[in-house]
> 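After the structure tokens below, expect a handful of questions from me.
Every chain is numbered from 1 and lettered A, B, ... according to where its sequence line falls, protein lines coming before strand lines.
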Amino acid sequence: MPDKTNEKEKPSPVEDPRKTDQDISREEKIARLAEAGVDLFPYRAEQTHSVFAIVRDFAALTREGLEEKKAEVVVPGRILSIRKMGRATFATLSDSRAKLQIYLREDQVGEKAYRIFSLLDIGDIIDVRGTLFKTKTGELTVLVQAYAFLAKCQHPLPEKWHGLQDVELRYRRRYLDLIMNPDVGDVFRLRSLMIAEIRRFFDARGYVEVETPMMQPIPGGALARPFKTFHNALGIDLYLRIAPELYLKRLVVGGMEKVYEINRNFRNEGISSEHNPEFTMLEFYEAYSDYHDMMELTEELLHSLCLTLFGKEEFPYGDEVISFKRPFARLKYKDGLLSHSGLAPARFDSRSEVIAFAATLAAENQPLSYGKALDAIFDKLVKPKIVQPTFIIDPPKEISPLAKASREDPEQAERFELVVAGMEIANAFSELSDPQEQRKRFEQQAEELKKGDQESHWIDLDYVQALEYGLPPTGGEGIGIDRLTMLLANRKSIREVILFPLLRPR
RNA sequence: GGCCCGUUAGCUCAAUAGGUAGAGCAGCGGACUCUUAAUCCGCGGGUUGGAGGUUCGAGUCCUCCACGGGUCACCA
């Protein structure tokens with residue numbers, strides 16, 4: 001079916017929820033403020049400090065110490081609560097990282113300004129100028145001399161005590177989530193720091209960060225179903241990438257010996273607490289190394305992330321404590337199957353029996369090949385039992401069409417997955433560099449594709465041609481950034497670490 | 001896609017056995033110059049997700065639909 005994505009479609013109008021008494025009250029206030037000549041949407045605001053900086057720098061001082069300093073501040077923020085007592089008002093100002101109390105007195109700001117302040121609503125953004133002091137209960141507070149409106153909030157905020165609980169609303173209107181739930185901002189600040197640290201890690205080792213196509217004529221580098229789109233001028237189908245892998249290895253052919261990319265992948269598959277259709281992947285490739293080197297590098301990376309970001313090696317995750325102490329455990333794929341699947345070792349000798357057993361686990365996607373059957377058993381029975389960081393080594397070659405065969409067993413691939421808390425966090429191999437072999441593997445995949453397996457790899461002859469010019473021995477790896485964030489931030493759903501996870505449009 | 005659970009005021013939640021839809025916060029009016037889930041007095045606010053059905057009577061029972069959460073399947 002031809003894709004119509006470039007044809008303009010009218011955006012569905014934002015529903016205008018019917019007005020409530022609260023909306024009406026705020027409209028009236030806006031009108032009254034306009035009459036009073038108050039500019040509700042000024043162009044810029046003075047600022048000597050952020051709320052966060054004030055709390056950080058002054059909260060520890062004593063009342064007397066603060067008094068001596070006579071600290072004058074101009075600070076913007078959003079009003080989260082108001083406590084009015086006649087001719088004086090306390091309110092809470094927030095900048096999403098911290099909260100700061102402000103204290104407004106009629107005898108300080110004047111009668112008119114105080115009257116106008118009563119038109120302030122919870123949710124409004126204002127700028128206050130004043131002096132820091134501590135109340136008799138010891139709370140750091142700004143005694144306000146003057147204030148200005150920076151933006152009017154036209155809707156009531158979620159309830160102040162319980163915050164915003166509705167999970168759907170939290171994702172659909174992430175801004176409300178960020179305003180009401182300070183933990184949420186912390187997760188995304190952590191994510192940002194983590195990515196910055198990853199860049200520092202690779203840059204320090206001489207890696208070059210690159211960007212490769214997000215729109216590809218042949219979606220390669222992973223076994224997954226792609227999103228399809230259409231380029232009008234060229235008249236061709238394009239696919240959103242499922243992985244950058246094949247392009248990054250073309251760069252290694254070209255002599256960029258250490259490359260990495262942090263960017264989005266798109267897979268047209270189910271949504272779950274561990275899957276979002278678009279997700280962020282780190283991929284890195286290093287010439288002259290193999291998957292053993294990648295294991296070392298992975299341990300080093302994760303260990304250093306933990307120390308740099310948290311200064312510790314152990315983290316709570318749900319009910320578990322995850323330790324990133326080196327070295328991580330290593331478990332042969334085959335041994336994992338033997339020890340965790342509950343299947344008698346002898347039964348692995350019979351290919352048909354393995355396939356039959358796997359079929360009882362996976363109702364869909366039949367008939368399974370031997371390799372896929374093993375993987376189904378592994379994913380279902382073994383992976384969930386692995387809690388501590390563990391390299392799962394040498395899976396079947398059949399499900400690893402881009403990896404070199406194992407030096408120890410030609411039926412296995414030189415590949416590992418890093419599993420933590422039952423989640424696959426990383427996937428790496430000694431990259432297959434023999435173009436003839438690669439062509440053969442692609443052809444085998446094409447057979448599977450013909451049989452109806454939509455997650456087989458497509459044939460990419462342009463990539464084979466690149467290999468024909470010579471890919472040096474190369475270790476390559478992908479690390480799921482979202483899942484790594486889940487681990488470090490102790491979040492059980494990928495939607496808690498993606499600002500705008502995909503939801504059905506309203 | 002299957003199964004389970006949910007959807008009631010702007011938000012967080014109640015509502016016995018099928019019998020007048022409530023509370024807190026938020027809002028509005030009033031009192032109050034160190035409060036902090038401020039307090040006190042008063043007021044307004046609902047197509048109970050939608051459409052049918054059973055019943056004298058449905059938030060409650062039944063059917064279908066929509067959306068969400070969890071889980072399984074697929075995947076990273």
Side-chain angles (χ1 to χ4, degrees), chain A residues 17-26 28-29 63 80-92 99-109 114 118 121-123 133-141 143 153-172 176 180 221-225 242-243 265-283 361-366 372 375-376 379-380 383 399 417-419 423-427 453-455 478-484 486 492-495 503-506:
Chain A
R18 62 180 192 290
K19 281 179 191 168
T20 65
D21 56 336
Q22 319 227 17
D23 296 328
I24 293 163
S25 140
R26 283 164 192 247
E28 286 169 2
K29 284 180 187 170
R63 286 184 83 179
L80 290 190
S81 64
I82 301 172
R83 295 175 291 282
K84 189 180 174 192
M85 299 168 307
R87 298 178 197 284
T89 299
F90 287 92
T92 307
K99 294 181 173 68
L100 176 65
Q101 180 165 266
I102 64 173
Y103 181 39
L104 205 92
R105 295 168 58 112
E106 192 186 75
D107 58 13
Q108 292 282 323
V109 298
Y114 191 78
S118 69
D121 281 307
I122 289 171
F133 75 105
K134 281 203 168 174
T135 63
K136 66 181 184 190
T137 54
E139 176 157 353
L140 183 64
T141 302
L143 178 61
C153 179
Q154 300 184 23
H155 302 283
L157 291 183
E159 205 242 11
K160 65 179 174 188
W161 188 242
H162 297 91
L164 181 62
Q165 305 274 329
D166 185 307
V167 176
E168 182 184 358
L169 259 188
R170 286 187 46 230
Y171 300 152
R172 284 192 194 280
L176 288 181
M180 299 307 298
L223 308 181
R225 297 165 69 173
I242 54 175
N265 288 348
F266 306 87
R267 299 190 184 173
N268 206 340
E269 285 159 354
I271 296 175
S272 79
S273 58
E274 289 176 25
H275 300 85
N276 194 61
E278 53 178 311
F279 62 102
T280 302
M281 187 83 144
L282 159 69
E283 285 206 9
L361 299 172
E364 289 173 37
N365 240 17
Q366 304 194 34
K372 292 235 165 177
D375 212 39
D379 280 355
K380 181 91 173 112
K383 213 182 266 181
I399 54 169
E417 293 183 6
L418 177 65
V419 175
M423 285 191 291
E424 185 183 329
I425 297 298
N427 180 22
D453 185 347
Q454 291 175 297
E455 274 148 20
I479 294 182
I481 293 296
D482 310 281
R483 288 184 181 175
L484 190 56
M486 286 168 66
K492 287 284 191 175
S493 167
I494 200 166
R495 292 175 168 200
L503 302 175
R504 191 183 298 276
R506 288 246 95 150

> If you only use heavy atoms from C-beta on, which nucleotide in B:U33, B:G69, B:U12 is closest to the side chain of A:Y171?
B:G69
> Could you check which of B:U33, B:C34, B:G69 has an atom nearest any side-chain atom of A:F133?
B:C34
> Heavy atoms only: give me the nearest A:F266-A:I242 pair and the separation to one decimal.
O-CG2, 3.3 Å
> How far apart are the closest heavy atoms of A:I82 and A:T89, and which atoms are they?
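Smallest interatomic distance, heavy atoms only, reads CG2-CG2, 3.7 Å.
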> Under 4.0 Å between any heavy atoms, over every strand shown, what does A:N268 touch: base, sugar-phosphate, or nothing? Just pick one.
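No contact.
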> What is the separation between atom NE2 on A:H162 and atom C1' on B:U12, rounded to the nearest whole Å?
5 Å
> Looking at every strand, decide which applies to A:E106 at a 4.0 Å heavy-atom threshold: base, sugar-phosphate, or nothing.
nothing
> Under 4.0 angstrom, heavy atoms only, what part of the nucleic acid is A:D107 near: base, sugar-phosphate, or nothing?
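It contacts base atoms.
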> What integer distance in Å separates A:E274:CD from B:A73:C1'?
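For the pair A:E274 CD and B:A73 C1', the rounded distance is 14 Å.
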> Nearest to the A:L169 side chain among B:U33, B:A76, B:C11, which nucleotide is it?
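For the A:L169 side chain, the nearest candidate turns out to be B:C11.
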> Nearest 0.5 Å, please: how far is NZ in A:K492 from CE in A:M423?
7.5 Å
> For a quick test of reading the model, state the closest non-hydrogen atom pair linking A:R225 to A:E269 and the distance between them.
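For A:R225 versus A:E269, the nearest heavy atoms are N-OE2, 3.0 Å.
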> For nucleotides 4-8 of chain B, print each protein N/O atom paired with a nucleotide N/O atom at under 3.5 Å, atom names and distance only.
none

> Between the base of B:U35 and the side chain of A:R83, is there a donor and acceptor pair under 3.5 angstrom?
yes
> I want to confirm an ordering. Mapping A:I271 and A:M281 to their closest nucleotides on RNA chain B, which one lands closer to the 5' end?
A:I271
> Starting at CD of A:E424 and ending at P of B:C74, how long is that distance when rounded to a whole Å?
14 Å
> Classify A:E417 by what it touches in the nucleic acid, base, sugar-phosphate, or nothing, heavy-atom distance under 4.0 Å.
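Touches nothing.
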> Hey, which of A:D121, A:D23, A:I122 is the one that makes side-chain contact (heavy atoms from CB on, under 4.5 Å) with A:P156?
A:D23
> Suppose you measure atom P in B:A26 against the same atom in B:A58; what distance do you get, rounded to whole Å?
36 Å
> Measure the acute angle between the ring planes of A:Y103 and A:F133, then classify it against the limits of 30° and 60° as parallel, tilted or perpendicular.
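The arrangement is tilted - the two ring planes meet at 30° to 60°.
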> Going through the distances and angles, do A:M180 and A:L157 end up as a side-chain contact (heavy atoms from CB on, under 4.5 Å)?
CA-CA 8 Å; A:M180 299 307 298; A:L157 291 183; 4.2 Å; yes
> Please report the distance, rounded to the nearest Å, between CG in A:L223 and P in B:A76.
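These atoms are roughly 7 Å apart.
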> Of all the nucleotides listed (B:A76, B:U35, B:U12), which has the minimum atom distance to the side chain of A:F90?
B:U35
> Taking any heavy-atom pair under 4.0 Å as a contact, classify A:Q101: base, sugar-phosphate, or nothing.
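Answer is base: heavy atoms of A:Q101 come under 4.0 Å of a base.
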> Can you measure A:I425 atom CD1 to B:A76 atom C1' for me and round it to whole angstrom units?
9 Å
> Set out, in order, the CA-CA distance, both residues' side-chain angles and the distance that settles side-chain contact (heavy atoms from CB on, under 4.5 Å) for A:K84 and A:S118, then state yes or no.
CA-CA 9 Å; A:K84 189 180 174 192; A:S118 69; 4.2 Å; yes
> For the pair made of CD in A:Q165 and P in B:C13, what is the distance, rounded to whole Å?
5 Å
> So what's B:G22 paired with, Watson-Crick or G-U wobble, going by both distances under 3.5 Å?
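Because both required distances fall under 3.5 Å, B:G22 counts as paired with B:C13.
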> Roughly how far apart, to the nearest Å, are B:G52 and B:A66 at atom C1'?
15 Å
> Using the P atom as the point on both nucleotides, what is the distance between B:U47 and B:U60, in whole Å?
16 Å
> Can you tell me how far C1' in B:U7 sits from the matching atom in B:G59, rounded to whole Å?
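The same atom, C1', in both gives a distance of 11 Å.
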> Starting at OH of A:Y114 and ending at P of B:U33, how long is that distance when rounded to a whole Å?
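Computing the A:Y114:OH to B:U33:P distance gives 9 Å.
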> Just the table, please: protein N/O against nucleotides 64-67 of chain B N/O, every pair under 3.5 Å.
unit_1 : atom_1 : unit_2 : atom_2 : d
B:C67  : OP1    : A:R504 : NE     : 3.3
B:C67  : O2'    : A:E168 : OE2    : 3.4
B:C67  : O2'    : A:R506 : NH2    : 2.4

> Tell me which nucleotide among B:C34, B:A76, B:C32 gets nearest to the side chain of A:R267.
B:A76
> Give A:K380 one of three labels, base, sugar-phosphate or nothing, depending on what nucleic acid heavy atoms sit under 4.0 Å from its own.
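Counting heavy atoms under 4.0 Å across all strands, the contact made by A:K380 is with sugar-phosphate only.
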> Determine the minimum heavy-atom distance between A:E274 and A:R483, stating which atoms define it.
O-NH2, 3.0 Å
> Between atom CG in A:D166 and atom P in B:A9, what is the gap in whole Å?
11 Å
> Find every protein N or O atom lying less than 3.5 Å from an N or O atom of nucleotides 25-30 of chain B, and list the pairs.
unit_1 : atom_1 : unit_2 : atom_2 : d
B:A26  : OP1    : A:K160 : NZ     : 3.1
B:A26  : O2'    : A:Q22  : OE1    : 3.3
B:A26  : N3     : A:Q22  : NE2    : 2.8
B:G27  : O4'    : A:Q22  : OE1    : 3.2
B:G27  : O3'    : A:S25  : OG     : 3.3
B:C28  : OP1    : A:S25  : OG     : 3.4
B:C28  : OP1    : A:K29  : NZ     : 2.5

> Quick one: the side chain of A:E139 and the base of B:U35, do they pair up donor-acceptor inside 3.5 Å?
no
> Using both distances under 3.5 Å as the test, list the Watson-Crick or G-U wobble partner of B:U55, or none.
none
> Report the nucleotide, chosen from B:G68, B:U35, B:A73, that has the shortest atom-to-atom distance to any side-chain atom of A:R495.
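In terms of side-chain proximity for A:R495, the closest of B:G68, B:U35, B:A73 is B:G68.
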> Please find the pair of heavy atoms, one from A:Y114 and one from A:R105, that lie closest to each other, and give the distance.
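Smallest interatomic distance, heavy atoms only, reads CD1-C, 4.0 Å.
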> Going by purine N1 to pyrimidine N3 plus the second Watson-Crick contact, or the G-U wobble pair, all under 3.5 Å, which nucleotide sits opposite B:G42?
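B:C28 is the nucleotide pairing with B:G42.
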> Between A:T135 and A:Q101, which heavy-atom pair has the shortest distance, and what is it?
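Closest approach of A:T135 to A:Q101: CG2-NE2, 3.7 Å.
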> Assign A:G163 to base, sugar-phosphate, or nothing according to its heavy-atom contacts below 4.0 angstrom with the strands shown.
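Touches sugar-phosphate only.
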> Does a side-chain N or O of A:K136 approach OP1 or OP2 of B:U35 to a distance below 4.0 Å, or not?
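Result: yes.
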